[in-house]
Amino acid sequence: MSFLPFEMNCQIFIRNFFYCIQRQLRNCNDIISATSAHSKVFKSGFLSDTFTSNHLINCYVRLQKINDARKLFDEMPAPNVVSWTSLMAGYVDAGQPQMALTLFREMYRSSVVPNDFTFATMINACSILADLQVGKTVHAHVEIFGFRSNLVVCSSLVDMYGKCNDVDEARRVFDLMSCRNVVSWTSMITAYAQNAQGHHALQIFREFSGLMLDRPNHFMLASVINACASLGRLVSGKVAHGTVIRRSHDSNDVVASALVDMYAKCGSVSYSEKVFRRIPNPSVISYTSMIVGAAKYGLGNTSLDLFEEMIDRRIKPNDITFVGILHACSHSGLVDEGLEHLKSMHVKHGIMPDAKHYTCVVDMLGRTGRLEEAYQLAKSIQVESDEGALLWGTLLSASRLHGRVDIAVEASKRLIESNQQVSGAYVTLSNAYALAGQWENVHSLRSEMKRTGVYKEPGCSWVEIKDSSYVFYAGDVVSCPQGNKLVGLLRELEERMKERGYVGGSIGLVFVDVEEEAKEEIVGLHSERLALAFGLINIPKGVTIRVMKNLRMCRDCHEAFKLISDIVERDFMVRDVNRFHHFEKGSCTCRDFW
DNA sequence: ATAGGGTTAG
């Protein structure tokens, strides 16, 4: 029988104990085993060992116990770069990215040197905060510390610049990267998609696909679908959907939610529904996408049914869900239901309504002509300037629609005060004056605009036919060879809609351009009407036409809309033109897709 | 050895 020397025995014991603790720390998935591991480490005296403590910190971070992680960190005699970075990442996960920045500064003052992991975490914090200034500072440090060619650091930089709305800088970093992977390509695609440059997003995706280095995964496809949605490109969206199915990502609920949203925005809400119904466990986002999708089509009751369904399935709605619900009620003329839901938000669901919800309600009341109530409500809401622009802009449109010049004037004043969307305010106010026959005011407003140099970009819309998009601008009809024919046709349509009780709004003929003489002529046509006429005139049989522009429907409008559908015998759907200001004249005819 | 990057709804 041989005996090992005592010291060697001790070493083996310590090493075994060490592994045992490590295994326990790696596997602890609940707070009880974490605490027990913690006390074991404490008793053994290993708490002063940085490596063991780091394990414990990560354990608390995984369990979302950031305060416990912090306490442990503060007691460490010698935290190293991993300890610092772990804690920073913990704060980012816990929704306190600001604290991560603070820690970085503290770390900087101590003698511990940051590494690539630290920078990736820091950049992520800046990205969440959308803090471009700090982001640039961190970028400078990345250069100084020599991580400019690190894949992960650069991918997070691309993402950070994208989230801070500096797409050009994102692209610069991306172009300088010496090697890229799916994540870096996805970051670049997302940067474009989230900054209203969907066509660039698709271009990057085509480039990635052409390289055939790697397959697109569900992250990338979700972003690509998002880009198709923002462009209203159904054909590209369907191709992306095909890729999703081929790559077996159709069971991913994030991808599915993106598809639901894309189909709704591209004019095919029935596809949205099909995709939605295949999601095994829809999240609050999946439900909200479908609720919003239905709302856009004036299917208010469908939205409300979906809401009931999600409540029954114990899925908690959030503030955005309620924006969707209030939108649905607003666009379907379900005022009482809308007001009920507004009340229930706080009482039943513990969500405080804020400016965006009240804006929906102002819209809802305004559409149905309850302008006095809408006005009183608008005045009572505390808003930031950008929220104010939306709020007063909403009221302005409603007062124009119902010919309440007094409220229109007040709303425009507030809108102009908010210093945003000023040109839109002038145009709408001018339309309100014109509607009331107050031509002198129209003229003086126009000279005011000339004097202050306000310029209104023309609204545009487009139809997608086969794989091409055709864009129309407000005012285009004048130059169109069939212009007169169109105008006649549209007048006739409007008459027939009025007979059915249509009261005005997007479908009706409105003045678009105050630069033109404000006489009772059509100086411009909103494009959905133009495209509608387009559909009547020269689209070959068997081609599906989809018109993109927001159709804000009250119940009456919905009726009218059905009537138009009967007349033109085609399916088309419409989306919000204001979200697509990135369309430039002549740049939107795209025949190619990947 | 322990720590890091990309996705969906208004």
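The sequence lines fix the lettering, A, B, ..., with proteins before strands; numbering per chain opens at 1. The basis for the numbers below is simple: all heavy atoms, side chains too, and nothing from hydrogens, waters or symmetry mates.
In this model, the phosphate group of dT2(B) is not approached by any side-chain N or O of Asn58(A) to a distance below 4.0 Å at OP1 or OP2. Look at Asn124(A) and you won't find any side-chain N or O under 4.0 angstrom from OP1 or OP2 of dG4(B). Taking only side-chain nitrogens and oxygens, Gln194(A) never comes nearer than 4.0 Å to OP1 or OP2 of dG6(B). For Lys265(A), a side-chain nitrogen or oxygen approaches OP1 or OP2 of dG10(B) to under 4.0 Å. Distances shorter than 4.0 Å separate some side-chain N or O of Lys163(A) from OP1 or OP2 on dT7(B).
With hydrogens and angles ignored, a donor-acceptor pair closer than 3.5 Å exists between the side chain of Asn150(A) and the base of dG4(B). No hydrogens or angles were tested; on distance alone, nothing pairs the side chain of Ser187(A) with the base of dG6(B) as donor and acceptor under 3.5 Å. Under 3.5 Å, the side chain of Asn115(A) and the base of dA3(B) form at least one donor-acceptor pair of N or O atoms.
Protein atom OH of Tyr287(A) is 18 Å distant from nucleotide atom P of dG10(B), rounded to whole Å. Going from atom CG of Leu259(A) over to atom C1' of dT7(B) covers 12 Å, rounded to whole Å. Met188(A) has its CE atom 13 Å from the P atom of dT7(B), to the nearest Å.
Between the side chain of Ser303(A) and the backbone N or O of Ile291(A) there is at least one donor-acceptor pair closer than 3.5 Å. No donor-acceptor pair closer than 3.5 Å links the side chain of Asn195(A) to the backbone N or O of Gln197(A).
With respect to the salt-bridge test (charged N to carboxylate O, under 4.0 angstrom), the residues Arg172(A) and Glu169(A) qualify.
Ring centroids of Phe307(A) and His341(A) are separated by less than 6.0 Å, placing the two rings close together.
Residue Thr186(A) is in base contact, counting any heavy-atom pair closer than 4.0 Å across all strands shown.
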